[in-house]
Amino acid sequence: MNSSNNKFDCIIVGGGLIGLLSAYFIAKQGRRVALMEQSLLGRESSWAGGGILSPLYPWRYPDAVTDLVNWSRQHWHDLIEQLQQESGIDPQSINSGMLILDQEEQAEAIDWARRFDIALQTVGADQLKTLEPNLGPSPEQALWMPEVGQVRNPRLINSVHQVARQAGVTILENHPVDQLLIEQGQVIGATSRQQSLYAPQVIVAAGAWSAGLLERVGYHLAVTPVRGQMIQFQAAPGFIQRITLYRGRYIIPRRDGRVLSGSTTEHVGFDKSINPQTKDELIKAALEIAPRLAECEVVHHWAGLRPGSPEGVPIIGELSNISGLYINSGHFRNGVAIGLASCQLLCDLVTGQPTILNPEQYAPH
Ligand SMILES: Cc1cc2nc3c(=O)[nH]c(=O)nc-3n(C[C@H](O)[C@H](O)[C@H](O)COP(=O)(O)OP(=O)(O)OC[C@H]3O[C@@H](n4cnc5c(N)ncnc54)[C@H](O)[C@@H]3O)c2cc1C
């Protein structure tokens, strides 16, 4: 790339779901966008995740998270249709619903659902047996959220990658940004070992790595890596139909019979390794939810580093002391469930449009 084509309207640092979707939305507004990814696109947290389109125990989160979930849910089907049409890749988004077998917080859950007008019902033990005969626990009453969907993360990433390219985003893989360029309180670009790119707007969407980059320009971002390990069983299609949550662990049935189960939340820095003790613990928890999974082989075990933030509220917006430098990071356990709204909000801010939600609750301070 020579000096005449290293100038853009906007540079995105990080090619996970959040960086890619931000890039796509901004490019669709007619801006020249470049995205710099340190390794390959979407191979970190966005690849590792389960793709549930709702937080687990969603009533435990601040309203700022629920607002993002709700906006995303309302616009999700349009996005998926658009992605499918433009990319030809099906992210396999399905509305499998989520069952919650824990009994302790049912009153809080019901209040929360009423307050936000979210579909949440209770089902008795008999109905539960009819819905999902292969479940182990049989609580007197379970919670059922029929509108919770799921998506296959790698397919979603591939699809967004494709449409971002088609929208004209310049994508540079293997370009680790090591420095944000600032001149007189204004961002002017970003550099990697290979080259410098210039733009009056730079967005840090580097997931768990965002804080390290911002530290170098004197900004403390409260985002830290939180490791999550997951396993995958191979079962027969239809063995379980619904996402099921119990005692902090869950199983996610895919259409083709894969059943994902997770996940841990470990504060171990940037260590993405997996270990056999955790695998055993995850198998035990999955068998508690669906005992007949004991007959199925565990075919995969992996880990990803979530961008953990206080109470799971992402930081979205422009720094007050460095003009043009934006953040879209800290989506913690819910980047897929809230990513659509967070990237639209970021795009609104960057392009000076009216915002979809009140940006104040996510603004970097
Ligand atoms: C086990 C597990 C289960 C999960 N399950 C769910 C779920 O069911 N539902 C849900 O909504 N969410 C889930 N999540 C969370 C979700 O995956 C994340 O919130 C989301 O992927 C964050 O996206 P991101 O783009 O911010 O981060 P990432 O996907 O980590 O992307 C950040 C990117 O930035 C790049 N980068 C970093 N530093 C630099 C640099 N200096 N220069 C250039 N590039 C850089 C990285 O290489 C990476 O590709 C789960 C996460 C895990 C780990």
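When a ligand or atom number is given, it counts from 1 through the structure's own listing order.
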Students should be able to answer this: which protein heavy-atom is nearest to atom 49 (O) of ligand 1, and at what distance? E37 OE1, 2.7 Å

Any donor and acceptor pair, going by atom type alone, linking the side chain of S192 with main-chain N or O of H175 inside 3.5 Å? no

Looking only at protein heavy atoms, which one is nearest to atom 42 (N) of ligand 1, and how far off is it? V177 N, 2.9 Å

Test your reading of the structure: does G49 have an N or O sitting under 3.5 Å from an N or O of ligand 1? no

Given that the side chain starts at C-beta and the backbone is N, CA, C, O, which of these parts of L17 lies under 4.0 Å from ligand 1, counting heavy atoms, or is it both or neither? backbone

N/O separation below 3.5 Å, Q229 to ligand 1: no

Nearest neighbour in protein (non-hydrogen) for atom 9 (N) of ligand 1: I52 O, 2.9 Å

Quick check on contacts: which atoms of ligand 1 are under 4.0 angstrom from a heavy atom of G304? 53 (C)

Output, in order, the C-alpha distance, side-chain angles, deciding distance and verdict of side-chain contact (heavy atoms from CB on, under 4.5 Å) for Y326 and L346. CA-CA 8 Å; Y326 291 79; L346 187 274; 4.1 Å; yes

Has ligand 1 got any nitrogen or oxygen that is less than 3.5 angstrom from a nitrogen or oxygen of I252? no

Side chain to side chain contact (heavy atoms under 4.5 Å, CB included) against D111, all qualifying residues, sequence neighbours excluded: R114

Where ligand 1 meets G50 - atom numbers and elements under 4.0 angstrom, heavy-atom basis: 3 (C), 4 (C), 5 (N), 6 (C), 7 (C), 8 (O)

Identify the protein heavy atom lying closest to atom 31 (O) of ligand 1, giving its residue, its atom name and the separation to 0.1 Å. G16 CA, 3.3 Å

Pairing of E281 and K284 as salt bridge, 4.0 angstrom limit: no

I251 pairs by side chain to side chain contact (heavy atoms under 4.5 Å, CB included) with which of V259, I231, L99, L287? V259

Under 4.0 Å, counting heavy atoms only: does R43 come that close to any atom of ligand 1? no

Distance to 0.1 Å, residue and atom name: give those for the protein heavy atom nearest to atom 21 (O) of ligand 1. S46 OG, 2.9 Å

Using the side chain to side chain donor-acceptor pair (under 3.5 Å) rule, pick out the option among R306, R249, Q229, R227 that qualifies with S263. R306

Are the side chains of W59 and L143 in touch, meaning some heavy atoms are under 4.5 Å apart? yes

Ligand 1-proximal atoms of P176, by part, heavy-atom distance under 4.0 Å: backbone

Membership question, hydrophobic clusters at under 4.5 Å side-chain separation (ILVMFWY): are V169 and I11 in the same one? no

Consider every N or O of Q38 and every N or O of ligand 1, then say whether any pair is closer than 3.5 Å. yes

Would R333 count as being in polar contact with ligand 1, using the rule that some N or O on each side must be under 3.5 angstrom apart? yes

Short N or O distance, P307 and ligand 1, threshold 3.5 Å exclusive: no

Test: side chain to side chain donor-acceptor pair (under 3.5 Å). Region: residues 197-210. Which pairs qualify, not counting sequence neighbours? S210-S329

Under 3.5 Å between some N or O of ligand 1 and some N or O of A208? no

Please check: side-chain N/O of W302 versus main-chain N/O of A48, any donor-acceptor pairing under 3.5 Å? yes

protein heavy-atom neighbour closest to atom 18 (C) of ligand 1 works out as S45 OG, 3.4 Å

Should L156 and L41 be regarded as members of a common hydrophobic cluster, given that ILVMFWY residues are connected when their side-chain heavy atoms come within less than 4.5 Å of each other, either directly or indirectly? yes

N/O of S263 under 3.5 Å from N/O of ligand 1, yes or no? no

Is there a continuous path of hydrophobic side-chain contacts, each under 4.5 Å between heavy atoms, that joins L35 to L197? no

In plain terms, say whether R73 and E147 are close enough for a salt bridge, that is, a side-chain N and a carboxylate O under 4.0 Å apart. no

In this structure, atom 27 (O) of ligand 1 is nearest to the protein heavy atom G207 CA, 3.6 Å

Could you check if a side-chain atom of H331 sits within less than 4.5 angstrom of a side-chain atom of P314, using non-hydrogen atoms only? yes

V13 versus ligand 1: do any nitrogen or oxygen atoms come within less than 3.5 Å of each other? no

Return a yes/no value for G51: is any of its N or O atoms, backbone included, closer than 3.5 angstrom to an N or O of ligand 1? yes

Sidechain N-carboxylate O distance under 4.0 Å for R254, D256: no

Is the backbone N or O of A125 less than 3.5 Å from a side-chain atom of Q141, with the two atoms forming a donor-acceptor pair by type? no

Atoms of ligand 1, numbered as shown, that sit under 4.0 Å from any heavy atom of W209: 30 (O), 37 (C), 38 (N)

Going by the order shown, which atoms of ligand 1 are within less than 4.0 Å of some heavy atom of H331? 19 (O)

In the protein, which heavy atom is nearest to atom 1 (C) of ligand 1, and how far is it? M230 CG, 3.4 Å

Short version for F332: what comes under 4.0 Å of ligand 1, heavy atoms counted, is backbone

Go through ligand 1 atom by atom and flag the ones less than 4.0 Å from a non-hydrogen atom of R306. 51 (C), 52 (C), 53 (C)

